Amino acid sequence: MKKSLYLILIYIFTGGFAICGLHDIDKAEIECINNTSDTQIMIKCSETAQRNWEKEINKTLKKICETDKDCCKNLLISQKYWEKYKDSEFRLIDKMFLQKQGTMYKNVSAGFKVDLVKQRALQLYTYLD
């Protein structure tokens with residue numbers, strides 16, 4: 001039941017795309033979650049996905065700064081503000097979900113965090129074009 005709810009949430013967060021249309025990070029997270037019924041391992045799957053999206057952010061920032069030095073300074077300032085926003089949003093997510101009864105809320109919290117970081121990574125991808 002919990003696994004099904006979590007997979008539904010991932011489906012919603014990813015816009016309901018078929019798994020073949022997802023980014024490799026999303027595919028790995030979904031496959032990891034599909035291979036377990038342990039909610040703690042599911043959370044670790046999402047935490048890994050979040051770290052991988054953060055790596056994508058850093059790679060993209062580096063590429064943009066290498067190709068467009070004029071925009072780099074503003075981009076890095078923007079990223080600093082986004083990091084503050086992310087930290088604040090993570091605290092809100094924790095307050096909203098981690099105080100509730102049931103282990104599924106930990107999974108929901110992890111999913112929201114992954115989605116927030118993923119959105120930033122995808123936004124930065126568009127700046128490369």
Side-chain angles (χ1 to χ4, degrees):
M1 168 100 170
K2 290 178 188 175
K3 185 175 179 179
S4 298
L5 177 62
Y6 193 63
L7 291 174
I8 289 168
L9 289 172
I10 287 176
Y11 179 82
I12 291 167
F13 291 143
T14 60
F17 297 112
I19 196 163
C20 61
L22 294 175
H23 190 282
D24 288 344
I25 295 171
D26 295 321
K27 289 178 190 177
E29 181 185 17
I30 291 169
E31 287 174 18
C32 180
I33 289 168
N34 282 338
N35 288 326
T36 187
S37 60
D38 184 327
T39 56
Q40 293 300 322
I41 294 173
M42 290 178 192
I43 291 169
K44 289 188 186 304
C45 297
S46 293
E47 289 171 345
T48 299
Q50 179 185 324
R51 282 191 304 277
N52 288 334
W53 281 116
E54 288 169 349
K55 288 176 187 174
E56 287 298 307
I57 287 171
N58 291 329
K59 281 194 263 184
T60 306
L61 287 171
K62 185 178 177 182
K63 282 181 188 176
I64 293 170
C65 283
E66 287 171 354
T67 58
D68 192 344
K69 301 219 185 287
D70 293 336
C71 289
C72 184
K73 181 179 177 184
N74 288 332
L75 179 63
L76 294 178
I77 291 168
S78 172
Q79 185 63 20
K80 212 180 273 189
Y81 281 112
W82 183 84
E83 291 285 342
K84 288 181 183 182
Y85 162 75
K86 178 188 85 164
D87 292 343
S88 177
E89 194 71 14
F90 277 18
R91 285 191 298 275
L92 173 64
I93 290 167
D94 286 344
K95 276 206 174 284
M96 296 298 291
F97 293 106
L98 297 184
Q99 65 188 0
K100 296 183 180 191
Q101 293 287 331
T103 57
M104 95 173 166
Y105 291 108
K106 291 179 183 178
N107 296 79
V108 172
S109 173
F112 273 104
K113 290 176 181 179
V114 170
D115 192 50
L116 182 71
V117 177
K118 175 185 174 178
Q119 287 175 13
R120 178 62 174 176
L122 296 177
Q123 177 185 26
L124 291 174
Y125 284 160
T126 64
Y127 296 161
L128 280 171
D129 294 331

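Only a predicted model underlies this, so the values are computations on that prediction, with no experimental measurement involved.
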Checklist entry - Less than 6.0 Å separating the ring centroids of Phe90 and Phe112? => result no
Next on the checklist: Before you tell me yes or no, could you show the steps for Gln79 and Leu61 under side-chain contact (heavy atoms from CB on, under 4.5 Å), namely the whole-Å CA-CA distance, both residues' side-chain angles and the distance that decides it to 0.1 Å?
Outcome noted: CA-CA 9 Å; Gln79 185 63 20; Leu61 287 171; 3.6 Å; yes
Checklist entry - Among the clusters formed by ILVMFWY side chains lying less than 4.5 Å apart, do Leu124 and Leu128 turn up in the same one? => result yes
Checklist entry - Hey, does Asp94 have a side-chain heavy atom less than 4.5 Å from the side chain of Lys113? => result yes
Checklist entry - Step by step, would you call Leu122 with Gln119 a side-chain contact (heavy atoms from CB on, under 4.5 Å)? => result CA-CA 5 Å; Leu122 296 177; Gln119 287 175 13; 5.9 Å; no
Checklist entry - Would you say Ile25 and Glu56 make side-chain contact, with heavy atoms under 4.5 Å? => result yes
Next on the checklist: Under 4.5 Å between side-chain heavy atoms, counting indirect links through other Ile/Leu/Val/Met/Phe/Trp/Tyr residues: same cluster for Tyr81 and Val117 or not?
Outcome noted: no
Checklist entry - Is any side-chain heavy atom of Thr39 closer than 4.5 Å to a side-chain heavy atom of Met104? => result no
Checklist entry - Got a second to check how far Asn52's CG is from Asp24's CG, nearest 0.5 Å? => result 10.0 Å
Checklist entry - Which word best sums up how the rings of His23 and Trp53 line up, parallel for under 30°, tilted for 30 to 60°, or perpendicular for over 60°? => result tilted
Next on the checklist: Would the distance check show the side chain of Thr67 and the main-chain N or O of Lys63 forming a donor-acceptor pair, the cut-off being under 3.5 Å?
Outcome noted: yes
Checklist entry - Going through the checks in order, is the side-chain contact (heavy atoms from CB on, under 4.5 Å) test met by Gln40 and Ile43? => result CA-CA 5 Å; Gln40 293 300 322; Ile43 291 169; 4.3 Å; yes
Checklist entry - To the nearest 0.5 Å, how far apart are CD in Glu54 and CD in Gln50? => result 4.5 Å
Checklist entry - Is the shortest heavy-atom distance from the side chain of Cys72 to the side chain of Asp68 under 4.5 Å? => result no
Checklist entry - Once you round to the nearest 0.5 Å, how far does CE of Met42 lie from CD of Glu47? => result 13.5 Å
Item to check | Spacing of SG belonging to Cys65 relative to NZ belonging to Lys73, to within rounding of 0.5 Å | outcome: 12.5 Å
Checklist entry - So, for Ser78 and Arg120, which heavy atoms are closest and what is the spacing to 0.1 Å? => result OG-NH2, 3.5 Å
Item to check | side-chain hydrogen bond (donor to acceptor under 3.5 Å, both in side chains) between Thr48 and Glu29, worked out | outcome: CA-CA 8 Å; Thr48 299; Glu29 181 185 17; over 6 Å; no
Next on the checklist: Which heavy atom of Ser46 sits nearest to which heavy atom of Ile33, and what is that distance?
Outcome noted: OG-CD1, 4.2 Å
Checklist entry - At what distance, to the nearest 0.5 angstrom, does CG of Leu92 lie from CG of Asp87? => result 12.5 Å
Item to check | Verify same cluster id: Ile41, Ile30 (apolar side-chain graph, 4.5 Å) | outcome: no
Next on the checklist: For a 4.5 angstrom cut-off between non-hydrogen side-chain atoms, does Tyr105 reach Leu98?
Outcome noted: no
Item to check | Minimum heavy-atom distance between Val114 and Ala49, given as atom pair plus value | outcome: CG1-CB, 4.2 Å
Item to check | Other residues, nucleotides, ligands: >12 heavy atoms within 6.0 Å of Lys86 NZ | outcome: yes
Checklist outcome for this item: d(Asp115 CG, Glu89 CD) to nearest 0.5 Å is 10.5 Å
Item to check | Path from Leu76 to Ile57 over hydrophobic side-chain contacts below 4.5 Å | outcome: no
